[in-house]
There are 2 protein chains.
Amino acid sequence: MTDIPDLLGLEDQVCFALAIASRSVISLYRPILEPYGLTHPQYLVMLALWGREPRRVKDLAEELRLEPATLSPLLKRLEASGLVARHRNEQDERALDVSLTDTGRRLRDEARTIPPRIIDKLGMSLDELERLRHSLWRVIEASHTA
Amino acid sequence: MTDIPDLLGLEDQVCFALAIASRSVISLYRPILEPYGLTHPQYLVMLALWGREPRRVKDLAEELRLEPATLSPLLKRLEASGLVARHRNEQDERALDVSLTDTGRRLRDEARTIPPRIIDKLGMSLDELERLRHSLWRVIEASHTA
DNA sequence: CGGTATTAGTTTGTACACTAATTATTATGA
DNA sequence: TCATAATAATTAGTGTACAAACTAATACCG
């Protein structure tokens, strides 16, 4: 295996760049989301529910690419914040219907300012961000066929 | 604010794509790192130390873009695994010198197979991955001037 | 020189991400 | 019909990432 190029520099690793980029961008959201009492993962859950509700836990977990084990306490905290309600489904008592409260629905209007503020903070063109986003979904898909 | 474009679709968010891409790629490492008894963050620490040792905690934290609060228990566990040693610096007793053990140094040889295996799993060209990596560092830098 | 500010690393607390196990409900097939 | 397999969501356990607080050592400046 002497012909394996030495690719062990930390900054050579795409996984390292992905991890740092993810964390760095998410850290920009923190001060913006804090006044709404939301963490970034909670914000993503809200985005999913603003898009469509009511939803099953399993359905949300799939859309958010999370394990239900992660989502369960996350939803619990959102419910405790009064943004989300969870009710046992009547047709299938194993399932929960997760929906927004009125408060949760109204929050969408305020949340509309968030993406432009982040884009502003980054100072990158929409083109560039769009290209990045596409290549990210490219690698996500590649990782699922691996 | 009626002229703010509605950018609240979950999949429109670069941050979501970043989070999922990061997690997805990192999940590919898990079965590969498991036989070495390493988690992905621990692997990154090892990469940093293989690059240069001994190191201060603060120095490692900066290179890994981690908080010392995160790195401290992480190093503790690596020390417990026998891969890393931590000694109080003699010139400045506040500081630790973090170095590899012989076992830790030897692990580098086995680790050389890891990046090619991941690249193989992803089935993406080196060109494409390199372009991605560059744009990721681009956004990392942008987030730090924000 | 010595009191105070700063620094290095750790601990505590909270949230999250994954794996494994658990409980209750529903689907399946003999 | 009924025992068993599968499913939905939760809980428990481990590791990690960040923020705040803490302890001990060093730097600084009057």
Side-chain angles (χ1 to χ4, degrees), chain A residues 15-16 18-31 33-34 37-46 54-62 64-81 84 86-98 143, chain B residues 15-16 18-31 33-34 37-46 54-62 64-81 84 86-98 143:
Chain A
C15 62
F16 180 58
L18 279 168
I20 305 307
S22 175
R23 287 200 259 123
S24 301
V25 170
I26 286 166
S27 74
L28 297 182
Y29 280 80
R30 227 169 253 124
L33 292 173
E34 204 239 342
L38 289 177
T39 61
H40 187 262
Q42 289 172 1
Y43 169 64
L44 296 181
V45 172
M46 294 303 288
R55 306 283 285 277
R56 300 290 171 85
V57 174
K58 182 178 157 100
D59 185 34
L60 277 174
E62 275 168 17
L64 292 158
R65 276 59 161 195
L66 281 180
E67 292 296 314
T70 305
L71 193 48
S72 182
L74 218 166
L75 288 173
K76 199 168 186 177
R77 278 186 289 276
L78 278 175
E79 190 176 37
S81 307
V84 156
R86 294 183 297 173
H87 298 110
R88 209 41 73 180
N89 184 278
E90 294 184 353
Q91 273 75 46
D92 180 350
E93 291 198 22
R94 298 171 300 180
L96 284 175
D97 286 328
V98 182
S143 71
Chain B
C15 61
F16 180 56
L18 279 168
I20 306 306
S22 176
R23 287 199 262 121
S24 302
V25 170
I26 285 167
S27 74
L28 297 182
Y29 280 81
R30 226 169 255 124
L33 292 173
E34 203 240 342
L38 289 176
T39 62
H40 187 262
Q42 289 172 0
Y43 170 63
L44 296 181
V45 173
M46 294 303 286
R55 304 284 284 281
R56 300 289 171 84
V57 173
K58 183 178 157 95
D59 184 36
L60 277 174
E62 275 169 17
L64 292 158
R65 274 63 160 193
L66 281 181
E67 292 296 314
T70 304
L71 193 48
S72 184
L74 220 165
L75 289 173
K76 199 168 181 175
R77 275 185 289 276
L78 278 175
E79 190 177 37
S81 306
V84 155
R86 292 182 297 171
H87 296 109
R88 210 37 75 181
N89 183 278
E90 293 182 357
Q91 274 73 47
D92 180 350
E93 290 198 22
R94 298 171 302 180
L96 285 174
D97 286 327
V98 183
S143 71

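By convention in this document, chain letters (A, B, ...) are assigned in the order of the sequence lines, proteins followed by strands, and residues within each chain are numbered from 1.
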field: the helix from C/dC1-D/dG30 to C/dA30-D/dT1: angle between end helix axes, five pairs per end, rounded to 10 degrees
entry: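 So the angle between the two local helix axes works out to 10°.
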To the nearest Å, how far apart are [X] [atom1] and [N] [atom2]?
X: A/L44; N: C/dC16; atom1: CG; atom2: C1'; result: 12 Å
X: B/E93; N: D/dT26; atom1: CD; atom2: C1'; result: 11 Å
X: B/R23; N: D/dA17; atom1: CZ; atom2: P; result: 13 Å
X: B/L38; N: D/dT14; atom1: CG; atom2: P; result: 19 Å
X: B/I26; N: C/dT19; atom1: CD1; atom2: C1'; result: 17 Å
X: B/K76; N: D/dA17; atom1: NZ; atom2: P; result: 17 Å
X: B/R94; N: D/dA25; atom1: CZ; atom2: P; result: 11 Å
X: A/K58; N: D/dA6; atom1: NZ; atom2: C1'; result: 10 Å

Need one value for [X]: base, sugar-phosphate or nothing, where a base atom within 4.0 Å counts as base even if backbone is also close, heavy atoms only.
X: B/L66; answer: sugar-phosphate
X: B/T70; answer: base
X: A/A95; answer: sugar-phosphate
X: B/P41; answer: sugar-phosphate

- request: Give the intermediate values and the outcome of side-chain contact (heavy atoms from CB on, under 4.5 Å) for residues A/E62 and A/K58.
  value: CA-CA 6 Å; A/E62 275 168 17; A/K58 182 178 157 100; 3.6 Å; yes
Closer than 4.0 Å, any side-chain N/O of [X] to the OP1 or OP2 of [N]?
X: A/T39; N: C/dC16; answer: yes
X: B/R86; N: C/dT10; answer: yes
X: A/R56; N: D/dT7; answer: no

query: When the nearest nucleotide of DNA chain D is assigned to B/D92 and to B/R65 on a heavy-atom basis, which residue is associated with the more 5' position?
result: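 Nearest-nucleotide comparison on DNA chain D picks B/R65.
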Counting N and O atoms only, with roles assigned by atom type, does the side chain of [X] sit under 3.5 Å from a partner on the main chain of [Y], one being a donor and the other an acceptor?
X: B/S27; Y: B/S24; result: yes
X: A/S81; Y: A/R77; result: yes
X: B/R23; Y: A/R65; result: yes
X: B/R55; Y: B/V98; result: no

field: Spacing of A/T39 atom OG1 and A/L78 atom CG [to the nearest 0.5 Å]
entry: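 That separation rounds to 7.0 Å.
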task: Using heavy atoms to find the nearest nucleotide of DNA chain C for A/Q91 and A/E67 separately, return the residue whose nucleotide is more 5′.
output: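 Looking at DNA chain C, the more 5' nearest nucleotide goes with A/E67.
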- prompt: Thinking salt bridges, do A/R56 and A/D97 make one under a 4.0 Å N-O criterion?
  reply: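 Looking at A/D97 together with A/R56, the answer is yes, because their closest N to O distance falls below 4.0 Å.
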